[in-house]
Amino acid sequence: MAISGLVLAYLVFRRVLDPIRHLVRTGAGVDKDGDEGNEVRSLARRLGNLQMAVDRARLDLAESRDHLMQSEKLALVGKLAAGVAHTIRNPLTSVKMRLFSLERALSLDAAQKDDFEVISEEIRHIDTIVRNFLEFSRPPKLVARPTSLSDVVDTTLNLLRQRLESYGVTVEVHRVKRLTPINADPDQLKEALVNLVLNSCEAMVEGGRIVIREEEGVMEPAGRVVVVRVSDTGPGVPEVIADRVFQPFFTTKGEGSGLGLAIAKRIVEEHGGWITLHSPEGRGATFALIFPHAEEGSWHRY
Ligand SMILES: Nc1ncnc2c1ncn2[C@@H]1O[C@H](COP(=O)(O)OP(=O)(O)OP(=O)(O)O)[C@@H](O)[C@H]1O
Ligand SMILES: [Mg+2]
């Protein structure tokens with residue numbers, strides 16, 4: 001429906017454009033002297049401007065048609081992914097439960113315990129991917145309440161303590177005072193932060209350090225903002241891919257879904273905020289989550 005509208009508009013433009021182009025060409029070649037010549041020249045100029053405006057509109061049209069096709073494609077992939085994820089989820093849950101009770105019932109030697117550990121870790125990985133797919137295609141509604149991002153940082157680090165240890169990653173939190181609460185959904189913000197911290201861990205295969213900086217201040221044109229920056233000592237994001245990392249399904253990892261940053265971006269934007277990436281060569285990556293104070297931010301609910 002929308003595409004056929006665009007095609008129709010394109011055809012109309014073509015039918016209007018060609019005669020205008022012809023007029024401009026003939027107008028420019030008319031006798032240079034006398035009133036008639038002036039009038040024709042001024043008409044030609046006006047038609048020339050009109051032609052430029054039409055050309056611009058045509059470019060805009062082509063651009064929005066591309067966007068439309070891209071988002072239709074994404075919606076379709078999202079639907080497919082959600083279907084598959086949903087189907088995988090039930091058997092996965094029962095595998096997890098059986099494994100848990102088996103582990104408790106059997107008396108395992110050290111090597112078998114190790115096997116169990118590896119299986120559990122792999123299942124957790126699949127679970128994360130499935131959750132990401134579902135989260136991406138069916139985002140839950142925001143349940144907002146006054147929330148300090150400092151609490152979100154603490155909860156996230158508590159949740160990830162074991163994973164951080166297993167990656168050999170240490171975390172430093174730079175906090176001057178607890179961040180002023182904003183109107184936000186703490187579970188969703190935690191989800192965004194978990195994705196950033198896990199990405200940093202995955203980037204630092206040999207272990208490393210994550211620094212989380214909590215800041216508060218004024219940033220024009222948003223006004224008062226609260227900011228959480230996550231920096232790591234990994235290899236950073238190469239410049240050639242920096243503007244693609246937030247796109248859904250973009251990944252450089254063999255087993256990644258490429259949804260972590262897309263989900264983080266969407267969550268932050270739903271809170272009226274934005275996410276930035278700073279990655280000077282050889283100095284790790286820094287992602288910042290920036291939120292305007294509630295009275296200054298604009299809220300979006302989808
Ligand atoms: N801290 C980081 N350091 C270096 N590269 C990063 C970092 N964070 C993200 N990236 C790059 O951005 C890409 C996209 O990240 P994103 O979290 O969206 O997906 P993913 O991590 O590949 O997959 P998933 O999150 O589903 O496991 C990554 O594949 C990686 O190339
Ligand atoms: Mg990720």
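As the structure lists them, so they are numbered: ligands from 1, and atoms in each ligand from 1.
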**Item:** Heavy-atom check, side chain of Asn195 versus side chain of Leu261, under 4.5 Å
**Value:** no
**Near the Mg ion (ligand 2) (cut-off under 2.8 Å), count of protein N, O or S atoms** = 1
**Message:** Among all protein heavy atoms in this structure, tell me which lies nearest to atom 29 (O) of ligand 1, with the distance rounded to 0.1 Å.
**Reply:** Thr252 N, 2.9 Å
**Message:** Taking a cutoff of less than 4.0 Å between a non-hydrogen atom of the residue and any ligand atom, is Gly258 in contact with ligand 1?
**Reply:** yes
**Prompt:** Between Leu259 and ligand 1, which part of the residue brings a heavy atom under 4.0 Å of the ligand: side chain, backbone, both or neither?
**Reply:** backbone
**Message:** Do Thr147 and Val152 make a side-chain contact, defined as non-hydrogen atoms from C-beta onward lying under 4.5 Å apart?
**Reply:** yes
**Message:** Quick check on contacts: which atoms of ligand 1 are under 4.0 angstrom from a heavy atom of Ser257?
**Reply:** 23 (O), 24 (P), 26 (O)
**Request:** Kindly identify the option in Val194, Val197, Val245 whose heavy atom sits closest to atom 11 (C) of ligand 1.
**Result:** Val245
**Fill in**
the protein heavy atom lying closest to atom 16 (P) of ligand 1 turns out to be Leu261 N, 3.6 Å
**Asked** Is the closest basic N to carboxylate O distance between Asp185 and Lys141 below 4.0 Å?
**Response** no
**Prompt:** Which ligand 1 atoms does Asn132 reach within 4.0 Å, using its non-hydrogen atoms?
**Reply:** 26 (O)
**Asked** Taking 4.0 angstrom as the limit, do Glu191 and Arg266 come out as a salt bridge?
**Response** no
**Message:** Show the atoms of ligand 1 that are less than 4.0 angstrom away from any heavy atom in Val237.
**Reply:** 4 (C), 5 (N), 6 (C)
**Message:** Taking a cutoff of less than 4.0 Å between a non-hydrogen atom of the residue and any ligand atom, is Asp232 in contact with ligand 1?
**Reply:** yes
**Message:** Could you check whether any side-chain heavy atom of Pro292 comes within less than 4.5 Å of a side-chain heavy atom of Met219, counting everything from C-beta outward?
**Reply:** no
**Asked** Which residue owns the protein heavy atom closest to atom 4 (C) of ligand 1, what's the atom, and how far is it?
**Response** Gly236 O, 3.4 Å
**Sequence-distant partners of Phe100, ring pair (Phe, Tyr, Trp, His ring centres under 6.0 Å), two or more places apart** = none
**Complete:** For atom 9 (C) of ligand 1, the closest protein heavy atom turns out to be Asn199 ND2, 3.5 Å
**Message:** My understanding is that only one of Val211, Leu193, Leu289 makes a side-chain contact (heavy atoms from CB on, under 4.5 Å) with Val230; could you say which?
**Reply:** Leu193
**Message:** So Ile210 and Met204, do their side chains get closer than 4.5 Å, heavy atoms only?
**Reply:** yes
**Asked** Among the heavy atoms of Phe287, does any lie under 4.0 Å from an atom of ligand 1?
**Response** yes
**Message:** Is the contact between Ile129 and ligand 1 made by the side chain, the backbone, both, or neither, using heavy atoms and a 4.0 Å cut-off?
**Reply:** neither
**Asked** Are any of the side-chain heavy atoms of Arg163 and Leu198 separated by less than 4.5 Å?
**Response** yes
**Request:** Would you mind listing which atoms of ligand 1 come within a distance below 4.0 Å of any non-hydrogen atom of Gly260?
**Result:** 16 (P), 17 (O), 18 (O), 25 (O)
**Item:** Salt-bridge criterion met for Glu121 and Arg124 (N-O under 4.0 Å)
**Value:** yes
**Item:** atom 22 (O) of ligand 1: nearest protein contact (heavy atom, Å)
**Value:** Thr251 OG1, 2.5 Å
**salt bridge (charged side-chain N to carboxylate O under 4.0 Å, His left out) partners of Arg244, counting only residues at least two apart** = none
**Message:** List the residues meeting side chain to side chain donor-acceptor pair (under 3.5 Å) with Thr252, not counting sequence neighbours, and say none if there are none.
**Reply:** none
**Asked** NE2/His271 to CG/Asn183 distance, rounded to the nearest 0.5 angstrom?
**Response** 8.0 Å
**Message:** Quick one, Leu277 and Phe246 - any side-chain contact, counting heavy atoms below 4.5 Å?
**Reply:** yes
**Message:** Taking 4.0 Å as the limit for heavy-atom contacts, which would you say applies to Ala203 with ligand 1: side chain only, backbone only, both, or neither?
**Reply:** side chain
